[in-house]
Structures are given as C-alpha cells and as structure tokens.
2 protein chains.
Amino acid sequence: MATSLHAHVVEHLGSRIVGGSIPRGSIVLAADLEQKLQVSRSVIREAVRVLAQCGLVTSTKRVGIRVLGPEEWNPYDENVIRWRLASDQKGAQLRSLTELRISVEPMAAELAAEVAPEAMRKELMLISAQMNHYGRQGDLRRFLELDIRFHALVLAASGNEMFANLATPIAAILRGRTELGLMPERPHEEALAWHQSVADSISNMDAQGARRNMESIMRRTHNEICSLWEGAPRVFVDPIAKK
Amino acid sequence: MATSLHAHVVEHLGSRIVGGSIPRGSIVLAADLEQKLQVSRSVIREAVRVLAQCGLVTSTKRVGIRVLGPEEWNPYDENVIRWRLASDQKGAQLRSLTELRISVEPMAAELAAEVAPEAMRKELMLISAQMNHYGRQGDLRRFLELDIRFHALVLAASGNEMFANLATPIAAILRGRTELGLMPERPHEEALAWHQSVADSISNMDAQGARRNMESIMRRTHNEICSLWEGAPRVFVDPIAKK
DNA sequence: TGACACCAATCTGTGCAGGCATAAAAATAA
DNA sequence: TTATTTTTATGCCTGCACAGATTGGTGTCA
C-alpha cells in the first residue's frame with residue numbers, strides 16, 4: 001500500500017521527525033499539514049494516528065500535534081528502524097540491533113536444536129552447505145542472501161515469534177555490512193565452519209553445541225562491525241520518567 | 001487517550017481478534033462496524049489503520065477488512081502483548097517474553113557495567129539494598145515493585161533503547177508470577193545475593209561479573225515459571241512465506 | 001458443446017469538503 | 001493568587017465522488 005496517500009504522509013512526516021528536521025517539541029497543526037501536503041483532513045488524521053502508535057507524536061486538543069523525542073519512539077517499529085538507519089543515528093541503530101542479535105541468536109540456536117520441525121533442520125543443512133560452496137568461491141552476493149536466510153531460519157526454528165520477527169532488521173544489518181565493504185574478500189574458513197556446526201548441532205538436537213557455535217559467530221560479527229558506531233552516543237531512558 | 005472513541009474501538013476489535021472470537025480470515029465491513037459500535041466512519045477508519053499497523057488486519061477495496069493470523073501480528077506491539085496475555089495464549093506469550101529476557105538481561109548487565117551513568121549505578125545499589133531488606137522481611141508486595149525497578153534499571157543502564165523498552169512487558173511477567181503464587185514465601189537468599197552482586201559488579205564496572213550473576217538470576221527465574229507454559233504450542237513462522 | 005478471454009456491473013475502501021461539539025490553553029476579571 | 005470567560009485546534013460526524021478489485025455475463029474460438 002506504499003501507493004496509498006496516507007502511507008505517503010506517514011513516510012513524509014516519519015522520516016523528517018526521525019531524521020531530525022522536525023525537532024522534538026515542535027508543534028504542527030493538522031490544518032497546516034493539509035495545506036502543505038495538499039491532502040484532506042482524513043488522510044492527515046489517519047497518518048497522525050499511525051505515527052502516534054509509533055510514539056513519534058501525540059495529538060492533543062487545543063495544542064496540535066506535538067513531536068516527541070527519541071525516548072518515546074518505539075524502537076521495535078519497522079518504520080522507526082528504517083528511518084533511523086537512514087539518518088545520522090545509523091550507528092546507534094546498528095549497535096542496538098547488533099547487541100540484540102548477539103543476545104538472542106545463541107538462545108535461538110539452542111531452542112532450535114530442541115524444538116525445530118524436521119523440515120527446517122533439513123533446510124538449514126542445505127543452506128549451510130550452499131554457504132560453504134559459494135563462500136569458498138568468493139561469490140559474496142549469493143553468500144549474503146544465504147547468510148540472511150540462515151540466520152532467519154535459525155530464529156524461526158526457535159519457535160519463538162519474538163525471535164523470528166527480528167529476521168527483517170537483522171537482514172538489514174547483514175546487507176548494510178556487505179554494502180559498506182565490511183566483509184572480507186571471501187568469508188573466513190572459521191565462520192563457514194561455525195555456520196556448518198550450528199546447522200549440524202541443530203540437526204542432531206545438540207542444544208549446547210548449537211549455542212556455542214552461534215556464540216562464536218556472534219563474537220566475530222561484533223568485532224567486524226563495532227567500528228561502525230564508534231562515538232555514537234548512547235541513550236539512557238529512565239524507566240520511571242516514562243510512567 | 002484511553003477515553004477517546006477510536007482507542008475504544010481499537011481495544012474492542014484488537015482484543016477480540018487476538019482472543020480468537022474473530023477468527024483469522026474473517027472479513028468485516030466498515031459499514032457494519034459503524035452500526036454495531038455506533039461510531040462514525042472516521043473513527044472506524046482510524047482504528048483500522050492502527051490495527052493494520054499491528055498486523056491484525058488488512059483492508060482492501062471491494063473485499064473489506066480481513067482479519068490476519070498470529071504469524072502476521074507484531075509481537076513487540078504493546079497492545080498485542082497485553083491482549084495475548086489476557087487470552088488463552090498467555091502461556092506462549094510468557095514463554096516468548098521469558099526466553100527473550102533470559103537472552104537479553106545478561107548482556108544488558110554486562111553493558112551497564114561498562115557504560116551506565118553514575119546516577120544509575122548509585123540507584124541500583126540503593127534498590128538492591130532495599131530488596132535485601134524487604135525480601136528478608138517477607139514483604140512481597142514491596143519486593144515485587146523493587147524487583148521490577150531493578151530489572152528496568154539494568155535494562156535502561158545498558159544504554160540500548162531496544163533493551164530498555166522491554167521493561168514494560170518484563171514488569172508484566174514479574175507481576176504475573178507473583179499474582180499466580182509462583183514466588184516463594186520469601187525470596188531465596190541466593191536470589192537476593194545475586195541481585196546484590198549484579199549491582200555491585202555494575203557499580204565496580206565488572207562486566208563479566210555482572211553478566212554471570214544476572215545469568216544465575218535468569219536460570220532460577222526460568223526454572224520457577226517454565227511450568228506455566230507446559231504444552232503451549234510453538235509457532236514456527238517461515239521467514240520466506242512472509243515475503 | 002465447452003474452454004477461455006474480455007468487458008461491464010457492482011461493491012467497498014479511499015479520499016474530499018465542511019459542519020458542529022468539546023476540551024484545554026490563554027486571557028481576563030475578581 | 002484564583003476563578004471565569006474566550007479562544008482555538010482537535011474529535012467526531014456526514015454526504016459525496018472516485019478508484020480498484022471481484023464477479024458474472026458475453027462473445028469468440030477450438
């Protein structure tokens with residue numbers, strides 16, 4: 001529905017708020033937006049409702065539409081993540097996501113070894129074999145897509161829908177890393193072996209083995225890209241202030 | 001805004017969809033909703049936009065508002081979590097959240113030890129001291145509130161906004177566990193000591209110590225409540241099917 | 001006769017325009 | 001300072017036109 005009018009307005013406002021060109025505390029009026037974007041009130045209102053859902057704005061009577069600060073944004077919202085990745089907060093967003101996946105993926109691998117359905121174990125073995133093949137050939141494009149699928153599969157095979165839902169932003173990390181040339185010419189043998197071991201362990205229901213090998217992958221991943229966010233400021237949200 | 005009309009409609013429809021009384025694949029018409037809920041089109045439309053954002057419905061021309069299945073729901077949406085906790089999927093939701101916090105909190109403790117601002121370290125020491133005090137007295141109500149604050153603080157002190165945002169659902173877990181009588185008469189000495197050690201480690205910038213002690217807390221937590229979701233089915237979402 | 005492509009009717013969400021009600025800030029009076 | 005009035009932007013409602021997808025009918029061709 002990217003073609004729908006209200007989605008366009010959401011995109012317009014959301015990217016500007018997250019990007020910083022509409023600073024926190026700003027107050028915009030629905031009537032002004034109608035005129036500026038040349039759309040009707042209903043479109044504006046629906047867009048504002050969606051943005052309010054993401055925590056980007058609140059709309060109160062007699063005041064208007066108030067733009068909120070980053071502490072209020074929903075960091076799990078797909079749009080918010082995308083807008084942050086396209087802004088100067090890219091580093092901080094990548095750091096948050098990477099820390100999250102480092103935490104989650106070993107547990108996902110462990111769970112997958114215990115509960116994954118047979119079809120997913122099979123596919124995991126297939127994917128890791130293909131990763132070996134194309135990795136050794138230095139075909140980075142194909143390797144990237146397989147890598148994305150591999151990690152998405154492990155997350156899905158955990159049977160935890162919260163884990164599975166991290167596949168999309170994690171794919172964004174992997175794509176970003178490759179685009180930025182942070183991948184070696186061809187994947188390290190070590191990394192290939194770890195992926196293979198994760199698949200083997202899951203296939204053999206070896207939960208601890210799956211976890212250990214995934215932890216190894218995560219350690220290397222972290223070392224490879226943590227330079228990206230050097231100096232990006234951390235945000236400390238006092239959990240009481242939000243109540 | 002809980003008093004606003006459109007929020008009421010979101011609540012009405014959302015809880016019914018997640019609760020299962022409006023099954024997946026159902027098609028409801030905006031006009032019918034107008035009449036049934038006695039509200040105007042604009043209210044219905046804004047509510048449907050919000051629900052579409054959560055992945056509960058899609059609305060297409062000539063067909064109506066189609067109710068989606070659980071694979072499409074956004075598992076990080078606060079409303080969705082709340083509705084699931086109030087439904088017969090409560091077990092599965094608690095399991096997902098618990099697995100997530102087991103993954104995340106040790107890393108959060110480690111990060112907090114490295115980057116937490118001084119004020120948060122201080123408060124963490126204060127909270128853990130109070131937890132000791134009220135815990136030994138067997139004042140479970142006060143202990144619960146301190147426990148919630150403790151974990152929320154560690155998550156916030158990590159400087160990772162995605163971690164910090166898990167404080168709300170984690171608080172729901174802790175409250176639920178106490179309400180269901182899954183807490184011992186008084187907290188185990190071990191648990192008190194671990195909380196104290198986490199606070200100490202963070203205060204002393206001992207990242208590995210903070211992680212280890214938090215891992216101990218998580219292991220015990222898991223053992224205490226994993227009986228809650230015995231037999232709850234796992235959902236395996238093929239990451240390709242969603243593309 | 002039957003299969004298939006094409007077209008028109010129809011249905012429902014999308015978007016537009018304008019009106020009244022209401023709540024909360026701001027200004028004014030006590 | 002406190003209470004009251006005024007101001008003003010959003011909340012909510014309704015009528016209308018449009019767009020796009022489904023459906024069924026029509027005609028063509030094998």
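To find a chain, count down the sequence lines: A is the first, B the second, and so on, and within it residues start at 1.
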K.L.:
Do B:Glu34 and B:Arg45 sit within salt-bridge range, that is, some charged N less than 4.0 Å from a carboxylate O?
P.N.:
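Salt bridge between B:Glu34 and B:Arg45, a charged N being under 4.0 Å from a carboxylate O: no.
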K.L.:
Quick check: any donor-acceptor pair below 3.5 Å linking the side-chain of B:Arg45 to the base of C:dG15?
P.N.:
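Per atom types, the contact qualifies.
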K.L.:
Who pairs with B:Glu114 by salt bridge (Lys or Arg N to Asp or Glu O under 4.0 Å), at least two apart in sequence or on another chain?
P.N.:
none
K.L.:
In whole angstroms, how far is the P atom of C:dG15 from the NE2 atom of A:His8?
P.N.:
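The distance from NE2 of A:His8 to P of C:dG15 comes to 12 Å, rounded to the nearest Å.
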K.L.:
Determine whether A:Arg95 and A:Glu230 satisfy the following criterion, salt bridge (charged side-chain N to carboxylate O under 4.0 Å, His left out), listing intermediate values before the conclusion.
P.N.:
CA-CA 9 Å; A:Arg95 182 179 57 206; A:Glu230 261 184 281; over 6 Å; no
K.L.:
Can you measure A:Glu46 atom CD to D:dT10 atom C1' for me and round it to whole angstrom units?
P.N.:
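It is 15 Å, rounded to the nearest whole Å.
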K.L.:
For nucleotides 19-22 of chain D, tabulate all protein N/O to nucleotide N/O atom pairs closer than 3.5 Å, reporting atom names and distance.
P.N.:
from: D:dT22; atom 1: O2; to: B:Arg62; atom 2: NH2; distance (Å): 3.4

K.L.:
Could you check whether B:Asp147 pairs with B:Arg177 (Lys NZ or Arg NE/NH1/NH2 to Asp/Glu carboxylate O, under 4.0 Å)?
P.N.:
yes
K.L.:
Which listed nucleotide (C:dG15, D:dT10, D:dC12) is nearest to the side chain of A:Ser59?
P.N.:
D:dT10
K.L.:
Can a side-chain donor-acceptor contact be found between B:Ser96 and A:Glu161 if the only test is distance below 3.5 angstrom?
P.N.:
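Per modelled atom types, A:Glu161 and B:Ser96 side chains form a pair under 3.5 Å.
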K.L.:
At under 4.0 Å between heavy atoms, what does B:Arg66 touch on the DNA or RNA strands: base, sugar-phosphate, or nothing?
P.N.:
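Nothing, no heavy atom under 4.0 Å.
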K.L.:
Is the closest side-chain donor-acceptor distance between B:Trp83 and B:Glu11 under 3.5 Å?
P.N.:
yes
K.L.:
I'd like to know if A:Glu99 pairs up with A:Arg234 as an ion pair, taking the criterion as any Lys NZ or Arg NE/NH1/NH2 lying under 4.0 Å from an Asp or Glu carboxylate oxygen.
P.N.:
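So A:Glu99 pairs with A:Arg234 through a salt bridge.
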K.L.:
Using side-chain heavy atoms (C-beta onward) and a distance below 4.5 Å, is A:Ile65 in contact with A:Ile27?
P.N.:
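No - every pair of side-chain heavy atoms lies 4.5 Å or more apart.
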K.L.:
Could you check which residues of residues 28-43 of chain A get a heavy atom under 4.0 Å from DNA chain C? Sort them by number, please.
P.N.:
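The answer is A:Val39, A:Ser40, A:Arg41, A:Ser42, A:Val43.
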